[in-house]
Structure formats: structure tokens, C-alpha cells
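First up is the structure itself, then whatever we jot down about it.
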Amino acid sequence: MSFELNPLLAGIDAPINYAAVRPEHIAPAIEALLARARRAVEAAADPSLAPDWESIITPLDDACEPLWRAWSVAAHLNAVVNTPALRDAYNAMLGPITEYSTWVGLHEGLYQQYLRLRTSSDFNHWTPARKRVIDLAIRNFRLSGVELEGEARKRYAELSEQQSRVSQKFSENVLDAIDGWSLAIDDASRLEGIPPDALSAVKVEGESRWVLNLKMPCYLPVMQYARDRGLRHTLYKAYATVASEQGDDNFDNSGLIEQSLALRAEEAGLLGFEHFAALRLQTRMAESSEEVTGFLRQLAERARPFAERDLAELKEFARTELGIADLEPWDVAYASERLRENRYAYSEDEVKQYFTEPRVVEGLFDVAQTLFGVTLKSCDIRGWHPDVRAANLVSPTGEVLGLLVMDLYARPAKQGGAWVDSERTRRRRPDGIQTPIVYLTCNFARGQDGKPALLTHDDVITLFHEAGHALHALLSEVDEPGVSAFAAVEWDAIELPSQFMENFCWEWPVVQRLTAHIDTRETLPRDLYDRMVQARNFQSGLQTVRQIEFALFDMLLHSRDQGLSIAEVLTQLDQVRDEVSVLRPPSWHRFPHSFSHLFAGGYGAGYYSYKWAEVLSADAFEAFEEAVERAAHEAHEAATALGAVDSATGERFRREILAVGGMRPAAESFKAFRGRAPRMDALLRHSGMADGSEPVA
């Protein structure tokens, strides 16, 4: 194959023609780029080189950046348009990529060059970004086993390769198990209560038959609205046992969980750490597993009384109003939605008629413009699927700052969930600034019968969350890739911008920009908005302890000096539930088997970061609330009309949090923005769990 015809070998400054990428392009491109990167590493490790940036770091970045870009594209396509051929091609290169990464981390010659740079006379004259690149690289070399010798060094390399394969197979099993499950329904009465748009999406064309699946656009409406309790039980059990021993043996993740935990524990031991959590926390804000578990247990102590009241209210409502004497897990979403409707006189289905996807995206772009002074302008792109669209992020002076590529709808062979990836990071080159390219992926239900897609308010929050991640990369002013946001911000702070953006979905001026009824084009009525705000903390206690359950389970699981059997994993989960949970799933529930965050998504010993960063984000948003209070006190009508979308505070947030990426520790960035260390108060207040708070009766 001619390299000139391989789209993955496009120049770093040229766009990728995603539609032209074929499975057969992956191996030739990655092999060629790996060879080039290896040559660059060996050249950079030459001790005769002058210990300066241009001799060592620039050539390395020039050679390695195209490799990671091509691999990022291949990995992304494997997640969003998965086919057997593409999967095979990706997996064939997973080993060589992992082996290369491990080889670089263990390269003593290159490590010595970074030590030389750190002690060179030029170091003190470098920019803060360049200094931090060197400091973080030295730390990461040590955490990558560079100081290991002999058999320990060899074993470390084996562990890295094995872990990457276990992680990839875990993810494949979850995808295949979900894609492989369906339930045909030809009795329309069993579907009573489910919204028409959700049913239209699964109806077999030309037949009176519906095929249900476990993708969220189908699963959630069934669980929330189906009156048929047996149907809810069927889907609940199918989803609760995904990729476990209770389904297809080919997709059972039990053994992979055991392998993953054993490999991680062994890796930590090789590097001299007590357990995997201690290893992972070397690159986090939190300093120890004890600090994390203490934080989680403190939060659980505050939240559990509210969760118990939430559950008691739900059980009483289910018994008296729905005739459900014994509330089961497959009844919870259904009963909760009925209770919400009863208490606040609205349903999620009613609300989503106002949130059409084009209007929501337009409103999101408006918020970004008001907060950060940037414009998102649609542009053409040769995408991997017809769903794909793109927008350039443009500064007030007309400068293109980056490219946002969005893929918003669920479909077969696409990984579930929502996430952001970076294809290319910002970098200063001799001929100017290389701008970032960012993928934003969601799994919303598409519109039916030629109409726009309708988003639930939770969908809108998800979109704003992912947009926060994207803006973290797109608004970067970091000139060195080694300290870009996704490369260097501590994992337990990386969720700050995303969770921060969620808050604007509750601001009345923003909601007006986000809504246009599917039929009437009217914005969301104020009285309906007020009821939504009243319901904002509906079951916040239950939701909080659920997240604490996941996070505490994760941290305790990885605070062992050896692996666990699958039975021990499930026992650990039961013990965590005994401590913090109020809702207990059935004994056959197999939540860990599809917990991709832990076993395939990089969140192992890091799931607590969602709650940790939520403290940061709530406190950060409080600065915007304070700006509103000041404006109201000073009678600035123009300012208060925008609610918390305060451009002056937004500019400070952009400058001190988003623009600096990982150029400094996240704690310093937060303090630069807020003027102090973070506090838990705002999170508890936003969640309706502050001292003296009472659940809404």
C-alpha cells in the first residue's frame, strides 16, 4: 500500500479524512510511525547532545506526535464504528503500541537526558511550562519502572502488555454483550406507558413488532415508563448481568477482572508501592488512599440520612399510589418518575419536548461565547459516519483556536456512554500555533420521522459536561503538549471543568436559550422551569450514596497488595454496600462486570475523582453565584439578566483554570481562581444536604 494513500499518515497540520480510513491502513501507518519514533528516542538519548530543549525535546515531539495522533484516530474509530475487521486491525497494533510505550518508560538513556536537562544551566531560564514538562517526565519515568533492573524490568514490560490486552478485551465484551441482547415484543399492551418517540426508535418497519435493546435510549425509557413490571424486570436483569457468567460465556468478564486486579497489584509491588492505589495516587491531588476513603466516608455520613429518607418516601409512595408493596430494584426508576410527576407535576417526557438537539447545541455554543468570548462556527468535515459534525472554535479577533468534532447519537457497534478524546493538542511551532482537535461523543436517541432529536434534561447536562472537557483542551494556551490538560492535569481534578459546566443547565436565562418546543417552538414555560428547580435535588441523597458506593468499592479494591478472586470482589462490594448504601440489588447483580471505568477506562483507583472534583466545581461555580449577588446588590439589570453566566468571572475561570492546563498543580490553579483552597460547603448546599437542610416533603 502506498503511504501517500494512507489517511493516517497525513501531515500533523493536515486534516484526517476519517471516511477514508480502512482497517488495512492501521498496521502500515502505525508500524511506520513506531519505527520513526523509536529512531527519535534513540537519537534523543545520545549523551553527546547538548542538554537543551531544541536538541532533545523538540525532535522527540516532532516524531512522536504523528504516532499518537494516528493511534488516537484508530482507537476512536474502533469505539464509534466498531467492525470485526477494524477491531482485529486495532488489536493487532495494541501490543506493539504498548510495548513501545513501556520501552520508552524504561529507557534509561532517555531518562538520563531528562536528568541532564533538569540540572542544566538553561533550566532556570525556561518557561514554567517547559520546566514542568521536565519535572513531570522525570516523575513518570520513575513510575514507569526506569529504575528497575534485571528480571523485574522484564516482568514490568510483560505486565504493561498484559494489562492493555485485558482492558481492551473487557471493553469488547461489554460492547458485544450489549449489542448481542434483544427482546422482540409483538404485544403492544406490554409497552404501555413508554413514550412514543422511544417506541418509534425500536419499531420494526412495516410490522407491529418492537425489538428492545440495552442501549440507553431504549433501556432508560423502559425502566422509567413501562407499566409492565415483568418487562422492567427482564431488561433490568439483562443489563445487571451484562458480560458476566450469567450470560454468554464468550463475554464473561469474571476472569478479566481477576487478571486486571492481579496485574495491577503486581505492578505496584514491583515499583515499591504498597498497593495499586498508592501507585496511582502519586499523580493525583489526593495524597493517600486513607485520605480518599476518609473523604468518601465523611460525605457518606452527610448523605446517608437523606438517602434513607428518599428511599422511605419512595417505598411509601409505591405502596400507597402504585400498589407495589415490595419495592424491587427494577421498580425504582419507574416509581421515582411517578413520584416526581406527582410531587412536581411534570415528567421527563414532558420536559424533553422543549429540548430539541439543534436548539440545545446552539444554546451551548451561546453559553461558551458569553462565558469565554469564543464563537463556535460550523464547518465541513469528512467524518466517520453521517452523524458527525464539526465546529471551529474562533476567538473574538477571528483566530481559529481549535476544532470540535461531535458524534451525538447512539447506534449499533458504537461504545455506550459519553466521553471526550483529543486527537491533536495545541503546540507552538516555528511557523505558528498548532491548534487542538477534540472529539465529543454521546449516545442520545436520534429523532424520528424526520424530526429533531429530543433530549432529556439529563442528556443536556451530559452534553454540557462533555463540553466542559472539550473546552479544557480547546481553550488551552499551553505551548508544550507534555503539560496539556489531558496529559498533565491530575486525574482527580480533570472533572472540574466538566462538572462546572453542568451548573449552567439550571440557569433560567440559559434554559431559555436551550429550549424550543418540538411543535410550537415556544421556550420552556417559567412555571415548568420552577418545578424542575424544585425537583433538582430530588433523591440527591440516593444519587450521592450510589456514587460513593462505586468510588469506595474502587478504592478498597485497589488498596490490596494482591489480586482477588471474583467471589472476593463481589464480597468487597457487599461490604461497601453494608457501610454506605440504602438500596440493595439482588444477589445475581453483576455490576463490576460492566464497570468499564475501572477495568477499561483508566479510572482504576480513581473513580473517587468524580466526587472530589464535584467539590471543586461546586465551589468554583459559587464564584459565579457571588457575581450575581453583587450585580443584584448594585442593581446591574444587564448583568443579572444573564444569571450566573457572568463574562468577567468566566474570563477569570478561562485564564486560571482552562488556559493553563497542567502547567501547574491543580490546587494552585484553583486557588488562583478562587483565592483560597476548596471547601465542601457549596457541594452540600447545591445538593440540598447542607446543615439544617430537610428533604422536600
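Values below: all heavy atoms of this structure, side chains included; hydrogens, waters and symmetry mates excluded.
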Within the side chain of Arg116, is there an N or O that forms a donor-acceptor pair under 3.5 Å with the backbone of Pro47?
yes
Would you say the side chain of Lys414 lies within less than 4.5 Å of the side chain of Thr441, judging by non-hydrogen atoms?
yes
Between CG of Asp421 and CD of Glu466, what distance do you get to the nearest 0.5 Å?
10.0 Å
I'd like to know if the side chain of Asn140 reaches the main chain of Leu136, judged simply by a donor and an acceptor atom lying under 3.5 Å from each other, with no hydrogens or angles considered.
yes
Residue pair Asp252 / Ser254, side-chain donor-acceptor N/O under 3.5 Å:
yes
Side chains of Lys611 and Leu299 in contact at under 4.5 Å (non-hydrogen atoms):
yes
Ignoring hydrogens and angles, tell me if any N or O in the side chain of Gln562 forms a donor-acceptor pair with the backbone of Ala262 under 3.5 Å.
no
Indicate whether the side chain of Glu614 and that of His686 have a donor and an acceptor atom separated by less than 3.5 Å.
no
Is Arg297 paired with Glu301 through a side-chain N to carboxylate O contact shorter than 4.0 Å?
no
Using a strict 4.0 Å threshold on nitrogen-to-oxygen distance, state whether Glu245 and Arg590 make a salt bridge.
yes
Passes side chain to side chain contact (heavy atoms under 4.5 Å, CB included), Glu258 versus Ser565? Steps please.
CA-CA 6 Å; Glu258 294 176 339; Ser565 69; 3.8 Å; yes
Polar side-chain atom of Ser167 near backbone of Gln163 as donor-acceptor pair, under 3.5 Å:
no
Check whether any side-chain heavy atom of Leu115 lies under 4.5 Å from a side-chain heavy atom of Phe141, and answer yes or no.
no
Are any side-chain N or O atoms of Asn503 and backbone N or O atoms of Phe500, one a donor and one an acceptor, separated by less than 3.5 Å?
yes
So does Glu287 get a backbone contact from the side chain of Glu291, meaning a donor-acceptor N/O pair under 3.5 Å?
yes
Given 3.5 Å as the limit, does a donor-acceptor pair link the side chain of Glu423 with the main chain of Val73, or not?
no
Ser244 OG to Asn253 CG distance, which is reported to the nearest 0.5 Å
9.0 Å
Phe591/Phe595 aromatic ring centres below 6.0 Å
yes
Is there side-chain contact between Met285 and Ser609, with heavy atoms separated by less than 4.5 Å?
no
Given side chains that start at C-beta, do those of Asp619 and Leu683 come closer than 4.5 Å, heavy atoms only?
no
Would you check, one step at a time, whether the test salt bridge (charged side-chain N to carboxylate O under 4.0 Å, His left out) holds for Glu158 with Arg155?
CA-CA 5 Å; Glu158 294 171 352; Arg155 180 57 183 158; 3.1 Å; yes
Suppose the criterion is salt bridge (charged side-chain N to carboxylate O under 4.0 Å, His left out): which pairs have a residue in residues 471-499, not counting sequence neighbours?
Arg130-Glu480, Arg426-Asp479, Arg428-Asp479, Glu477-Arg654
I want to check something: taking the side chain as every heavy atom from C-beta on, are Tyr156 and Leu106 in contact at a cut-off of under 4.5 Å?
yes
Interatomic distance, CG@Leu598 vs CG@Leu557, rounded to 0.5 Å, equals 7.0 Å
I want to check something: taking the side chain as every heavy atom from C-beta on, are Trp588 and Thr241 in contact at a cut-off of under 4.5 Å?
yes
Flag the pair Phe599 / Ser594 as yes when at least one side-chain heavy-atom distance between them is below 4.5 Å, and no otherwise.
no
Would you call Glu267 and Arg264 a salt bridge, using N to O less than 4.0 angstrom?
no
Residues Gln543 and Asp310: side-chain donor-acceptor under 3.5 angstrom:
no
Taking all atoms of both residues into account, what is the closest heavy-atom pair of Leu281 and Ser288, and its distance?
CD1-C, 3.2 Å
Taking all atoms of both residues into account, what is the closest heavy-atom pair of Ile494 and Ala485, and its distance?
CD1-O, 3.6 Å
Check: Asp554 main-chain N/O paired with His558 side-chain donor or acceptor under 3.5 Å
yes
When the ring centroid of Phe295 is compared with that of Tyr608, is the distance short of 6.0 Å?
no
CG on Leu143 to CG on Leu271, rounded to 0.5 Å
7.0 Å
Residues which pass ring pair (Phe, Tyr, Trp, His ring centres under 6.0 Å) with Phe273, listed by chain and number, not counting sequence neighbours:
none
Within 45° of the six-membered ring axis of Trp491 and under 6.0 Å from that ring's centre, is NZ or CZ of Arg280 located there?
no
Test side chain to side chain contact (heavy atoms under 4.5 Å, CB included) on Thr283 and Arg139; report intermediate values, then the result.
CA-CA 9 Å; Thr283 59; Arg139 179 200 69 185; 3.4 Å; yes
Walk me through it: do Lys169 and Val174 pass the test side chain to side chain contact (heavy atoms under 4.5 Å, CB included)?
CA-CA 9 Å; Lys169 184 60 177 173; Val174 174; over 6 Å; no
Parallel, tilted or perpendicular for His469 and Phe486, by the 30°/60° rule?
perpendicular
Side-chain donor-acceptor pair present, Gln572, Arg560, cut-off under 3.5 Å:
yes
N/O donor-acceptor pairs under 3.5 Å from side chains in residues 657-667, not counting sequence neighbours:
{"from": "Arg664", "atom 1": "NE", "to": "Ser669", "atom 2": "OG", "distance (Å)": "2.8"}
{"from": "Arg664", "atom 1": "NH2", "to": "Glu656", "atom 2": "O", "distance (Å)": "3.0"}
{"from": "Arg664", "atom 1": "NH2", "to": "Glu656", "atom 2": "OE1", "distance (Å)": "2.7"}

Quick one: CG on Leu279 to CD on Glu274, what's the gap to the nearest 0.5 Å?
12.5 Å
Does the pair Arg38/Glu99 count as a salt bridge with the N-to-O cut at 4.0 Å?
yes
Regarding Gln162 and Arg165, is there a side-chain donor-to-acceptor distance under 3.5 Å anywhere?
no
Roughly how far, to the nearest 0.5 Å, is the OG atom of Ser144 from the CH2 atom of Trp103?
13.5 Å
Would Glu622 and Arg679 count as a salt bridge (charged side-chain N to carboxylate O under 4.0 Å, His left out) here? Give the steps.
CA-CA 11 Å; Glu622 192 173 54; Arg679 301 170 183 159; 6.0 Å; no
Taking the six-membered ring for Trp, are Tyr610 and Phe550 closer than 6.0 Å centroid to centroid?
no
Glu172 side chain to Gln168 side chain, donor-acceptor N/O pair below 3.5 angstrom:
yes
Determine yes or no for a side-chain-to-main-chain donor-acceptor pair under 3.5 angstrom, with Thr571 supplying the side chain and Ala567 the backbone.
yes
Could you tell me if Thr98 and Glu161 have a donor-acceptor pair between their side chains, going purely by distance under 3.5 Å?
no
Please check if the side chain of Asp52 supplies one atom and the backbone of Asp122 the other of a donor-acceptor pair under 3.5 Å.
no
Go through it in stages, so that I can follow the logic: the residues are Asn173 and Val242, the test is side chain to side chain contact (heavy atoms under 4.5 Å, CB included), and I'd like the CA-CA distance, side-chain angles, deciding distance and then a yes or no.
CA-CA 9 Å; Asn173 283 348; Val242 158; over 6 Å; no
